[in-house]
Amino acid sequence: MRSSTQQKWSAMDSREAEDRSLQSESVRSRNEIIPEVKNPRLSLWDVVYALNMAIACLITYWIMTHTLSRFVDEPSDFLGGMWAVVATVFVFRESRLRSLSAGIARLIATCVSFALCLLYLSFFPFTPVGMAALIAIGSVAMALLGRRDDIVTAGITTAVVMVVAAMSPANAFQQPLLRLADTLVGIAVGVACKWVGSFLFYKFLGEQVS
């Protein structure tokens, strides 16, 4: 009788331990999917960071729209400014090293997309199937380069280039070149402004930032 009771209690304890384990795993899974929000207090560096990024985007847009306006029509001019600003925002990270790393990642993904789109558009017109094929080839190429985290960036760049080429079929082969130029300017301005902003913040306020 005593042995039977002990077995029952042991089984109950085992089930309770298993339930606690499952609950713990469920909580960890939710935290991985939806990260916990950190303390939302706003610091002086947050304000400087936002202003620095805004200035960098303004500089990028001004450079591209004033440069491209001499060579392309107005819609392409605005598109170039927008795409360059996207590149600037993409590389604006919390630390200077992360910003530089993001710039390199964006450049590699853009170069892969540029090469594929330029080769395709030099011989074929835009088709949805062709765009999908280039996205697939680009994904494989990024995986082979060991940069799986940048597959999304390469895919987005390819989609933008190909759709814009469909909108301007007469000059389709120019789109990869223009988007490469937009990205290069956006990356250069974004990384430069991030480094200069961090340096000035430390120099005048005496607070160390990454």
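From a predicted model like this one, the values you see are computed outputs, not experimental measurements. We use all heavy atoms of the structure for the numbers below, so side chains are in, but hydrogens, waters and symmetry mates are not.
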Quiz item: Passes side-chain contact (heavy atoms from CB on, under 4.5 Å), Val91 versus Lys194? Steps please.
Solution: CA-CA 9 Å; Val91 303; Lys194 167 60 186 173; over 6 Å; no
Quiz item: Is the distance between the ring centroids of Tyr49 and Phe201 under 6.0 Å?
Solution: no
Quiz prompt | ILVMFWY network linking Ile156 to Ile137, side-chain heavy atoms under 4.5 angstrom | solution = no
Quiz item: Under the side-chain contact (heavy atoms from CB on, under 4.5 Å) criterion, do Phe92 and Cys57 qualify, and how do the steps go?
Solution: CA-CA 10 Å; Phe92 230 84; Cys57 291; over 6 Å; no
Self-check item: Heavy-atom pair with the smallest gap, counting every atom of Asp182 and Gly80
Solution: OD2-CA, 3.3 Å
Exercise. Using the rule that two of Ile, Leu, Val, Met, Phe, Trp, Tyr join whenever any of their side-chain heavy atoms come within less than 4.5 Å, decide whether Ile151 and Met131 are in one cluster.
Key: yes
Quiz item: What are the two closest heavy atoms between Gly197 and Asn52, and how far apart are they?
Solution: CA-ND2, 3.5 Å
Practice problem: Over all heavy atoms of both residues, which pair between Ala154 and Ala109 is shortest? Give the atoms and the distance, please. | Solution: N-CB, 3.8 Å
Quiz item: Quick check: does any side chain N or O of Thr65 sit under 3.5 Å from a backbone N or O of Tyr61, one acting as donor and the other as acceptor?
Solution: yes
Self-check item: Co-membership, hydrophobic cluster, residues Ile108 and Ile135, 4.5 Å side-chain
Solution: yes
Exercise. Look at the side-chain heavy atoms of Ile, Leu, Val, Met, Phe, Trp and Tyr, link any pair under 4.5 Å apart, and say whether Met162 and Phe124 land in one connected group.
Key: yes
Self-check item: Distance, nearest 0.5 Å, that separates OG1 of Thr110 from CG of Leu184
Solution: 8.0 Å
Quiz item: Taking the side chain as C-beta and beyond, is there a heavy-atom pair between Arg179 and Leu79 under 4.5 Å?
Solution: yes
Quiz item: Looking at Gly186 and Thr88, what are the two nearest heavy atoms and their distance?
Solution: O-OG1, 3.0 Å
Self-check item: Sub-4.5 Å side-chain heavy-atom contact between Val86 and Arg106
Solution: yes
Exercise. Indicate yes or no for a side-chain donor-acceptor contact from Ser101 to the backbone of Leu97 under 3.5 Å, with no hydrogens or angles considered.
Key: no
Quiz prompt | Worked verdict on Met142 versus Val112 for side-chain contact (heavy atoms from CB on, under 4.5 Å) | solution = CA-CA 8 Å; Met142 296 303 294; Val112 170; 3.6 Å; yes
Quiz item: Do you know which two heavy atoms are closest between Ala56 and Val189, and how far apart they sit?
Solution: O-CG1, 3.5 Å
Quiz prompt | Any Trp195 side-chain heavy atom under 4.5 Å of Val191 side chain | solution = yes
Exercise. Could you check if a side-chain atom of Thr157 sits within less than 4.5 angstrom of a side-chain atom of Trp83, using non-hydrogen atoms only?
Key: yes
Self-check item: Trace of the side-chain hydrogen bond (donor to acceptor under 3.5 Å, both in side chains) decision for Ser43 with Asp46
Solution: CA-CA 5 Å; Ser43 66; Asp46 293 327; 3.0 Å; yes
Quiz prompt | Straight-line distance of Ile59 CD1 to Cys193 SG, nearest 0.5 Å | solution = 4.0 Å
Quiz item: Heavy atoms, side chains only, cut-off 4.5 Å: are Leu116 and Thr158 in contact?
Solution: no
Quiz item: Is Thr183 close to Leu107 at the side-chain level, that is, under 4.5 Å between some pair of heavy atoms?
Solution: no
Quiz prompt | Gap between atom CG of Leu145 and atom SG of Cys111 - 0.5 Å precision | solution = 11.0 Å
Quiz item: Is there a donor-acceptor contact under 3.5 Å from the side chain of Tyr120 to the main chain of Ala133?
Solution: no
Exercise. Let me see the working for Thr153 and Phe90 under side-chain contact (heavy atoms from CB on, under 4.5 Å), right down to the final yes or no.
Key: CA-CA 10 Å; Thr153 304; Phe90 182 87; 3.8 Å; yes
Exercise. Considering non-hydrogen atoms only, spot the tightest contact between Arg93 and Ser99 and give its length.
Key: CB-N, 3.8 Å
Exercise. Indicate if Ile187 and Met64 have the same hydrophobic cluster label, given that clusters are the connected sets of ILVMFWY residues with side-chain heavy-atom separations under 4.5 angstrom.
Key: no
